[in-house]
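To start, the structure itself, in structure tokens.
These values consider heavy atoms only, across backbone and side chains, with no hydrogens, waters or symmetry-generated copies.
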Amino acid sequence: CRGAVFGDVLSNLLIFNGGKVTKEFYVNDYGNQIYNFVKSVYLRMREIKYKETFPLDKNLYPGSYIIDIANKILQKSKKINLENIEKSFNILKKESLKQSLDLIKSDLKLLGVKHDHFFSETKMVKKKSVDKIIKLLKKNSFVYEGYLSPPKGEDYSTWTKSKRLIFKSSSF
């Protein structure tokens, strides 16, 4: 919430001063975090439908909003397969994200925060956008493989020197 408000205020200041700004909301819908989110919804649906106990697991989302999402999906999709998460994962992901984004958009609207785009990490990964951008950055010599110095003020005993892709910000 803080980031959304801060970003909106900063964007509005830039726009007010003649800047060209696009307000984008990054939807973290790929990887382990989304799997744990969908699994939480799935387990809440099983809890509602079969009276099973929701497990205590640090990777799951225990919030009451997950129960609300599960209830909405159960009302909308009465025939959804709850025997195995893998069989229903894609439909649950789609429905869980829709419900979650509806809630987020509602909260943002109450705060007066508006976005021009909602950007899906899944789409970015499927299109291999990061690989394409890195290739373009390398082609234009904006990045290089190299080694960074340990961060100032850090405990050097925990620092591991490793080759990394480094952005040449000094070029700008």
With hydrophobic residues grouped by side-chain heavy-atom distances under 4.5 Å, do Ile133 and Phe142 end up in a single group? yes

Do Pro62 and Arg44 come close enough that some side-chain heavy atom pair is under 4.5 Å? yes

Aromatic ring pairing Phe167/Phe172, orientation class (parallel under 30°, perpendicular over 60°, tilted between): parallel

Residue list, side-chain contact (heavy atoms from CB on, under 4.5 Å) with Phe89, at least two apart or on another chain: Tyr35, Val38, Ile85, Lys93

May I ask you to test the Lys163-Tyr147 pair for a side-chain heavy-atom distance under 4.5 Å? yes

Salt bridge or not between Glu95 and Lys98? Use side-chain N to carboxylate O under 4.0 Å. no

Are Ile69 and Tyr61 close enough that some pair of their side-chain heavy atoms sits under 4.5 Å apart? no

For atom CG of Leu56, is the number of surrounding heavy atoms from other residues, nucleotides or ligands below 6.0 Å larger than 12? no

Under the salt bridge (charged side-chain N to carboxylate O under 4.0 Å, His left out) definition, can you give me all pairs with a residue in residues 6-26, not counting sequence neighbours? Asp8-Lys23

Counting only heavy atoms not in Phe6, do more than 12 fall under 6.0 Å of its CZ? no

Taking the side chain from Ser120 and the backbone from Lys123, do they hold a donor-acceptor pair closer than 3.5 Å? yes

Any side-chain to backbone donor/acceptor pair from Asn59 onto Asn36? Under 3.5 Å, distance only. no

Between Val41 and Met45, is any pair of side-chain heavy atoms under 4.5 Å apart? yes

Mark yes when over 12 heavy atoms from residues, nucleotides or ligands other than Tyr30 sit less than 6.0 Å from its OH; otherwise mark no. no

Test: salt bridge (charged side-chain N to carboxylate O under 4.0 Å, His left out). Region: residues 125-147. Which pairs qualify, not counting sequence neighbours? Lys138-Glu145

Where do Phe118 and Lys105 land on the side chain to side chain contact (heavy atoms under 4.5 Å, CB included) test, with the steps shown first? CA-CA 10 Å; Phe118 282 75; Lys105 288 175 182 179; 3.7 Å; yes

What are the two closest heavy atoms between Asn81 and Asn84, and how far apart are they? OD1-N, 4.0 Å

Do Ile73 and Ile91 share a hydrophobic cluster (ILVMFWY, side-chain heavy atoms under 4.5 Å, transitive)? yes

More than 12 non-hydrogen atoms from neighbouring residues, nucleotides or ligands closer than 6.0 Å to NZ on Lys114, yes or no? no

Quick one: pull up CD1 in Ile48 and CG in Leu43 and give me the separation to the nearest 0.5 Å. 11.0 Å

Hey, what do you get for CG (Leu148) to CZ (Arg164), rounding to the nearest 0.5 Å? 5.5 Å

Mind checking whether Leu60 and Tyr50 sit in one hydrophobic cluster, side chains of I, L, V, M, F, W, Y counted as touching below 4.5 Å? yes

With a 3.5 Å distance limit and no angle check, can you tell me whether Lys168 reaches the backbone of Ser141 through a side-chain donor-acceptor pair? yes

Between Thr22 and Asp116, is there a side-chain donor-acceptor contact under 3.5 Å, judged purely by atom types and distance? no

Look only at the side chain of Ser11 and the backbone of Gly7, and say whether a donor-acceptor pair between them is shorter than 3.5 Å. yes

Residue pair Leu74 / Leu82, side-chain heavy-atom distance below 4.5 Å: yes

Let me confirm one number: the CG-NZ distance from Leu92 to Lys87, rounded to the nearest 0.5 Å. 13.5 Å

Can you check whether Asp102's main-chain N or O pairs, donor with acceptor, with Ser106's side chain at less than 3.5 Å? no

With no hydrogens and no angle check, is any side-chain donor or acceptor of Arg46 less than 3.5 Å from a backbone partner on Phe54? no

Kindly work out whether a path of hydrophobic side-chain contacts (I/L/V/M/F/W/Y, heavy atoms less than 4.5 Å apart) joins Leu111 to Tyr26. no

Heavy-atom check, side chain of Ile66 versus side chain of Phe37, under 4.5 Å: yes

What is the minimum heavy-atom distance between Ala4 and Leu108, and which atoms define it? CB-CD2, 3.7 Å

ILVMFWY network linking Leu97 to Val125, side-chain heavy atoms under 4.5 angstrom: no

Give the minimum heavy-atom separation between Tyr65 and Leu103, together with the two atoms involved. CB-CD2, 4.1 Å

